[in-house]
Protein chains: 2
Amino acid sequence: MVNPPTIKDVAKAAGVSVATVSRVLHNLAGYSDKTKQKVLAAVEELGYQPNAIARGLVNKRTQTIGVLFPDVSSSFSSDLLRGIEDVANDKGFSVIVCNTAEDGKRTMKYLQVLREKQVDGIVFTSEFLKEEYYEAIKAMGVPVVLVSTQSQKHVIPFVKVDDRQAAYQATDYLIQKGHRQIAMIGGTKTDKIAGIPRLEGYRQALEDNGIGFAESRVAYGDFALDSGRRAMEKLLAEAPPFTAVFAASDEMAIGAMGLALERGIRVPEDISVIGYDDLSIARMIFPPLTTIHQPLTEMGRLASDMLISLIEGAGQVSSRIVSHRLVERQTVRNWP
Amino acid sequence: MVNPPTIKDVAKAAGVSVATVSRVLHNLAGYSDKTKQKVLAAVEELGYQPNAIARGLVNKRTQTIGVLFPDVSSSFSSDLLRGIEDVANDKGFSVIVCNTAEDGKRTMKYLQVLREKQVDGIVFTSEFLKEEYYEAIKAMGVPVVLVSTQSQKHVIPFVKVDDRQAAYQATDYLIQKGHRQIAMIGGTKTDKIAGIPRLEGYRQALEDNGIGFAESRVAYGDFALDSGRRAMEKLLAEAPPFTAVFAASDEMAIGAMGLALERGIRVPEDISVIGYDDLSIARMIFPPLTTIHQPLTEMGRLASDMLISLIEGAGQVSSRIVSHRLVERQTVRNWP
DNA sequence: CTGAAAGCGCTAACAG
DNA sequence: CTGTTAGCGCTTTCAG
């Protein structure tokens, strides 16, 4: 098997120097139309394709970005990925995906690989940005943007929704529908990004409407399906009676609904449910889930766009609080 | 901002040559323990990280693979991706994701990018491998493996399930449960990979059990949710009465169930439903969907493993027909 | 308009 | 045991 043709081969075939070939390939000035034709003909004939690795070595730019997800296979991540990939591709960048599995070691290893591979920038999603990660990224000297997470300590551009407000809105909606006894299935209790703010929004909405907050009406999960089931089970067994429940993720909402249905509790007739995320499954289930929509694909697009601006020299970009919205489907009813 | 340290800097700092540094970094023989310590100390002190781009230029290996999906954000693709990513990472490879959007132009562009970036191999998923794609990949001279698709014309390693047989089994299961009037929601009518074989399996199972096949009992969709709804609508309106339906994808099965439920038709009391894929949503919905399980993550793993073997010099690897299995959940009941 | 030549950071002979 | 050196394929001065 013969080696692929290099710029040298093209130069030889066209009877010019490599510098000239490079010039015409980049549409720089400095050659006659005749030479241009010769070069192009040679490129065509040899089936020449530039080697991006060699180019990267010289330019110190690889036109590649790295994206870290806690779980690439989640619906949440893949919606994000689609947006990121889409604009990256548009702007001539490739994306390397990394599955951190929320594991510190693995994440650090990935960061190292991305550094060695000389990616031009990084998007970090959904997880708390540990100091260790921050240091590693800072050391590589490339821009980062955060998605669905945020750093208190450092100023790093991010794109996310206002979790507190969205949770407030979800809860308030239930109240406007006449519910007064509202339970919550929260995310991880210590999660500063998606756990605590959503709980606070819930609590605030209750209080603003003169309803007392009761710790006994909240159960905690980890955002995943099964934890929603378990939380619902706990609520049903131990909490004071309630007519509606706000879950901090669609998956938990769906898990909770499944458990309720198994027990002969109807949604929304007996209990209303509202979720959070608007994953594509939210509208696939029956009854379709009322939930807080996060524009994930759009958020991915934005993040990609911001990152590439930074890579291409923008001094700074502003973070974006993107707007969520409540989508009414069929799991919440007027009470009574 | 100062440039990151290179191997030269390390050499200077350690008072040795770059060759020696390279040796200790690669654990090759040929240096005293003392030099090793000096080098390691210098590496540590400078925070040196090798540049994989430079290495790639020399080695003609980038430790990167490209993966093409028709839709990165589908549950199907992301489950696959997780498996691929997992073993790739394990074996020291990075993965570049490409979303072809089932668009020929876009796919060709991607193939070109992957070539320029000198990826070491490619995994191509779920789509029919057009001749044009094949030629492009062949021209790059790197191995490919196919997932959930297969080439008739060329011998290319693949990993997939036996669609015909799986569909046969799904249908046969319904028959064993006592159903005789069984409808089908098929995939794209002309799809040689997932459309036709599944329809054939259905037909064959019917015939082997002495049940006539009736074209009027099959409606076609495109594997997506909404097409399942529409197909069910059509079946309900135009097909002869039926007590069970086999859908060629979980999404279509779920769409069909949603429509049925809206119409007051209960699943499985009035109509039994069986799907195909076993996406993670299959168990999230209520009632949980009985379906044909495809081990997607495992298939991704296998593909990744095969590809890397090929990259690392295995002359050839054998294709794998992985075993599906029917998972009984709650959407099929005995009839009558 | 065009070519020669100096690297980019690293690996791998080849000499000592 | 260790250093020198010739590239890998490409971009980019700097001279003509």
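Protein chains get the first letters and strands the later ones, always in sequence-line order, with residue 1 at the start of each. Just so it is clear, the structure is predicted and the values come from calculations on it, not from any experiment.
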Please report, to 0.1 Å, the donor-acceptor pairs under 3.5 Å made by any side chain of residues 37-60 of chain B, with sequence neighbours excluded.
residue, atom, partner, partner atom, Å
B:N51, OD1, B:I53, N, 2.7
B:N51, OD1, B:A54, N, 3.1

Based on the rotation axes of five pairs at each end, what angle does the helix from C:dC1-D:dG16 to C:dG16-D:dC1 bend through, to 10°? 50°
Please tabulate, for the side chains in residues 64-76 of chain B, all donor-acceptor contacts under 3.5 angstrom to protein atoms that are two or more places apart in sequence or on a different chain.
residue, atom, partner, partner atom, Å
B:T64, OG1, A:K117, NZ, 3.4
B:T64, OG1, B:T62, O, 3.0
B:D71, OD1, B:S73, N, 3.0
B:D71, OD1, B:S73, OG, 2.9
B:S73, OG, A:R82, NH1, 3.2
B:S74, OG, B:D71, O, 3.2
B:S74, OG, B:S77, N, 3.1
B:S74, OG, B:S77, OG, 3.0

Sorted by chain and number, sequence neighbours left out, side chain to side chain contact (heavy atoms under 4.5 Å, CB included) with B:K130 holds for B:F128, B:E132, B:Y133
Could you encode protein contacts along nucleotides 9-16 of chain C as a string, one character per nucleotide from 5' to 3', using B for base contact, S for sugar-phosphate-only contact and - for no contact, with a heavy-atom cut-off of under 4.0 Å? BBSBBB--
Would you say B:S32 reaches D:dT2's phosphate, i.e. side-chain N/O to OP1/OP2 under 4.0 Å? yes
What distance do A:E127 atom CD and A:D103 atom CG have between them, rounded to the nearest 0.5 Å? 9.0 Å
Minimum heavy-atom distance between B:D79 and B:S280, given as atom pair plus value: OD2-N, 4.5 Å
Measuring only between side-chain heavy atoms, which start at C-beta, is A:H154 closer than 4.5 Å to A:E131? yes
Distance-only donor-acceptor pairs under 3.5 Å for side chains of residues 303-315 of chain A, two or more places apart:
residue, atom, partner, partner atom, Å
A:S304, OG, A:I84, O, 2.9
A:D305, OD1, A:K91, NZ, 2.9
A:S309, OG, A:D305, O, 3.0

B:T188 side chain to B:D191 main-chain N or O, any donor-acceptor pair under 3.5 Å? no
Whole angstrom value for the distance that separates C1' of C:dT2 from NZ of A:K38: 10 Å
Would you say a side-chain N or O of B:S17 is under 4.0 Å from OP1 or OP2 of D:dT4? no
